Amino acid sequence: MSGLTRRELLKAAGVASAAAALPTARAAAQSTQKRELVVAQGGDISKFDPHYSTSSNDIRISFNLFDNLVSRHPDGKLYPSLATEWKLTNPTTWTFKLRQRVKWHNGDAFSAADVKYSFERTWDPKLNTRVSTVFTTVERVEAPDATTVVFTTKKPDPLLDARVAFYGGQIVPKKYVEAVGNDTFNAKPIGTGPVRFVSWTKDDRVVLEANPDYFGGKPDFDRFVMRSIPETAPRIAALLKGEVDIVTQLPPDHAERVTGNATTRVAGALYAGLYVLAVNSKVPPLDNPLVKQALSLGVDRELIVKELWRGRGIVPNGPIAKGDNHYDAALPPLTYDPKEARDRLKKSGYKGEEIVIETTVGYTANDKPMSEAIVAMWRDIGVNAKVEVLEYSVRAQKNRDRTFKGLWWSDPTSTLSDPDGMMWRLLGPGGPQDYWRHPRFDELGEAARFSVDQKVRGQAYKEMTKIFLEHFPWIPIIQPYEDYGLQKYVDWTPNPNQALEIRRFAFKFRRA
Amino acid sequence: MASSIPVSVPADAPPADAARGGRVAQRTRRLVAAGAAFVVLLALVAATAPWLAPHDPVRQSLRARLTAPTLEAADGRAHPLGTDHLGRDVLSRTIFGARVSLVIGFAAVAVGSAVGAALGILAGYRGGWTDTVIMTIADAQLAFPFVLLAIGIIGVLGPSFPTLVVVIGLSGWVDYARVLRSQVLVLRSREFVDAIHALGGAVPRIVGRHILPNVLSTLVVIATLQLARAIVLEATLSFLGLGIQPPTPSWGGMIQEGREYLDSAWWISIFPGCLLLLTSLVVSRSGDWLRDLLDPTLRSE
C-alpha cells in the first residue's frame, strides 16, 4: 500500500539524515548548558494553595513550592525534610525535631508555629479544605518550642510519619497567610521549597525560579517553567522538537516515538496505586458477590496489559498495590477463566440485567479503550454489558452524589504506601467510595488503622484481601507504569506518587 | 427526484437570456443529479452495510490493533483501511458509520422541517402576537451557541438515539421558520388566497392545499442544506462523546478515537473524515444548485 511505502521512505530519509548528523548530535544530546527546566503536563494548575487541591497537575507544583516535615523519595522511603528527626515517644505521641535556620521565600523565619498552624488549617471546618480528612487520627498538635512539634493521636497511629509526607502535609507560612488571606496566598504562594513563584498565565504556563537559599541546596536550574499541553500529540511533539525537557503522561502507544528519537528517552515508575473498576454494590445485580466474581474472572487482564498498554503495567493480585506495605507477593495475579465465570454467573441467578461501565475519555489513561475491550469480554461470557461515555464534570458530579449506575473507572492512589491510605481511605465507612459494607472488613480496617504492631496489621490486611476477593467492591484491572518522556541530557527519576521531584537529590542536567 | 421538479422560465424574459438560462439550468440540473446520485449511493451502502462490510464492525482483535492498511494482515484477515486502537476493521466501521450519519441526518431533518415549517407558516399566516412570540423564540435560539445548548441538554438527558434526533432536528427549525414565514406573509395577501377566502374556504384547506404547495420547493432546498448541517452536528456531538454511544461506529466517533493516533495510525481518522467532508460538501452544494434551479431570478443571471 502507498502508506507503507511512504513510511519506509520517510524512515530511510530519517536514517540518512541522522547518520550525517550523528557525531555532533549524539554529543549534544547527552549534555546541555541549559539553565531553564521546562516541563509539559496534560492540564493546567487549578490551585497553588496546597490544602485546596490533591490533583496530580497541582501537586507537581505544590510539592516543590512547599516542603513537608518528612519527604517520600522516588525509592519509596521516608527521608528528613523540614523535620530532621522524628520518633514515636509513646503509642499516641509523635515528636518531630525541626530543621533550624529555614527561611520562607519572603525572608521570614520558619518555626514550629507554622507547622501547628498548617495542620490545624487542614481540618478547620470553617475553611473546608480538600484535605480535611487526611489527619483524622490526630487529636492535637503542639509546639512546645520553636524547633519541636508534638502530635497527640486519638489512638495509636502507626503511619503518622507517612501521613505528614503526602498531601495535606505541606507546611504553609502562618504569618503571611494570616496577613494576606487565603485568596492572595493562593495567587501569590510563599513556601520554603526549592522553587519560588514568579507568574502564572492561565492555560499556558507557570514560571518559577530557583530558591538559592534552599536548605537542600539550590536546584540544578535557574528557572522552572511548567507548561500545560492537554493533547498528547502536541505534548510529545514539543519534546521531540526540544522545546521541553520532560513531558508527563506519556501513553504507552506513543512511547515508541520517544524511544525512536535519538535525543529522547522514556522513564517510568510503577504507579503507587491501581486502576480499578469501582462498583456500585448497592445496585442489583452488582449486590451479588457471585456476579462480581464472574465479572472479575471474565476480564483477560494479561491481554489488556500486553496489547493496550504494550506491556507497561502489571496484573494486580488484590486491592493492595505492589510496593505497598503488606503487599503479598505470594498471591497469584487475578486470573482470567471465562468458563468458571460463566458457571458463577449461572449460579448467581443473573437474568441478563444490563451492567453499565460509565467511562470518560481520558480521566484515567486508556479508560475508554479498556472499557470497550472489557465490555466485549463480558459479552463473551454472557453479561449484558454496555459502555456509556460521560463528560468529566458529569463524572465528578456522580462521584460526589454517589449515583454511578454500575461500574466506573477510579485510580486510587496509595497515599501512605500502605493499604490504610488506599483501600481503607476510599472504601472505608464514610469514604469517597462507600458503596459496600461488610462488618468483618470494617472491624479489621479499623483495627489495622490504630495498631502499631505491624504483625497484627499484616494479618488484618491478609484477611481483608480475602474478603475483598470474594466481594469485589473494586474490580482491579491494572497497576500501570506512569511514563514520562525526557531529553537524554536530563538525569531524573520519576516518583511513584506522581509528585514531580526536582530537588537536587533527584534532578540534574548533564553538563558537558 | 431532483429532475422531476418542474422548472418554469418566466414569460417576460428575453429569448436570448432564456436560451443561456436554459443551458445553465441544464448544467445545474446535471450537478444536482450527480449530487443526488452520490447520496443515493451512500444510502445504498448504508442499507446494505451488513453484506458489504468485510468484517463485523464491533468485533475487536486486540492482537491486531493499529494495523496499517493492508490486504494481508497478521491475523490472516484483510483490512484494506487498517484497524483501529481495538483492532476493529476501519473499512467496516466506516461503512456502518454511514448508517448513523444518514439515519440521524434524515430523521433530524424530518423533525426540524416539520417543526420549523409548522411554526413558520403559523407565524406568517396568523401574524400578530403569535408571530411575535415565535420569532422571539427563534431569535433567542439563534443568539445562543447551539452546540453548547446541545451539550447541556444531552448532558442532562443522557445520550440516546431519540434525544440526538430531536436535539439535532430542533437545532435547525429556525431556518425553516424564518424563510417560510416571509414567504407566507407574501402569499397571504395574494389575490388567489383572498379569492378562496371569499369563496368560503376554511383556513386548514387554504394552508394545506394552496400555501404549502407554494412553499414546498423552498422547504426542500432548506432541508437539503440542513441535512449537511445535521450530519456534521451529529459527528461533532459524537466527537465530544455525546453522540452515538460506543461500540456503534459513527464517523464523528471514529475521528475522535483516531485523533490521538493521527501521527502514528492516521488511517483511523482520515477515512471517515474524508467521507464526512465529501458528504457534507456534496449535500450542501446540491442544496445550492437546487436553489439556483428553482429560483428564476438567480438562474437568468
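For clarity, every value in this text was computed on a predicted model and none was experimentally measured. Values below: all heavy atoms of this structure, side chains included; hydrogens, waters and symmetry mates excluded. Residue numbers start from 1 in every chain, and the chains themselves are labelled A, B, ... in the order their sequence lines are given, proteins ahead of strands.
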Verify the neighbour count for atom [atom1] of [X]: are there more than 12 heavy atoms of other residues, nucleotides or ligands below 6.0 Å?
| X | atom1 | answer |
| --- | --- | --- |
| A:Arg402 | CZ | yes |
| A:Tyr350 | OH | yes |
| A:Glu302 | CD | no |

Query raised in the report: For A:Lys368, is it the side chain, the backbone, both, or neither that has a heavy atom closer than 4.5 Å to a heavy atom of chain B?
Result: side chain

Requested in this report: Against chain B, label A:Arg310 side chain, backbone, both or neither, depending on which of its atoms sit under 4.5 Å from a heavy atom there.
Outcome: side chain

**Report entry** A:Glu372/B:Arg88 ion pair, N-O < 4.0 Å
**Finding:** yes

**Report entry** Heavy-atom contact with chain A under 4.5 Å, split by part of B:Arg259
**Finding:**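 It is the side chain, since no backbone atom gets that close.
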
Query raised in the report: Quick one: what part of B:Leu66 sits under 4.5 Å from any heavy atom of chain A, side chain, backbone, both or neither?
Result: side chain

Counting heavy-atom pairs under 4.5 Å with chain B, which one of [options] comes out on top?
| options | value |
| --- | --- |
| A:Val394, A:Leu390, A:Val387, A:Ile304 | A:Val387 |
| A:Ala376, A:Ala233, A:Ser371, A:Pro369 | A:Pro369 |
| A:Lys306, A:Glu231, A:Lys386 | A:Glu231 |

Would you say [X] and [Y] make side-chain contact, with heavy atoms under 4.5 Å?
| X | Y | result |
| --- | --- | --- |
| B:Arg63 | A:Leu303 | yes |
| A:Leu308 | B:Leu86 | yes |
| B:Gln60 | A:Glu307 | no |

**Report entry** Positions in residues 241-257 of chain A that reach chain B, provided some heavy atom is under 4.5 Å away
**Finding:**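 Within residues 241-257 of chain A, near chain B: A:Pro251, A:Asp253, A:His254, A:Arg257.
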
**Report entry** N/O donor-acceptor pair under 3.5 Å between A:Glu388 side chain and B:Gln245 backbone
**Finding:**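 No; judged by distance alone, with no hydrogens or angles, the pair does not exist.
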
**Report entry** For A:Asp300, all residues meeting side chain to side chain donor-acceptor pair (under 3.5 Å), sequence neighbours excluded
**Finding:** none

Report task. Mind checking the CD-CG spacing from B:Glu260 to A:Asn366? Nearest 0.5 Å is all I need. Result -> 8.0 Å

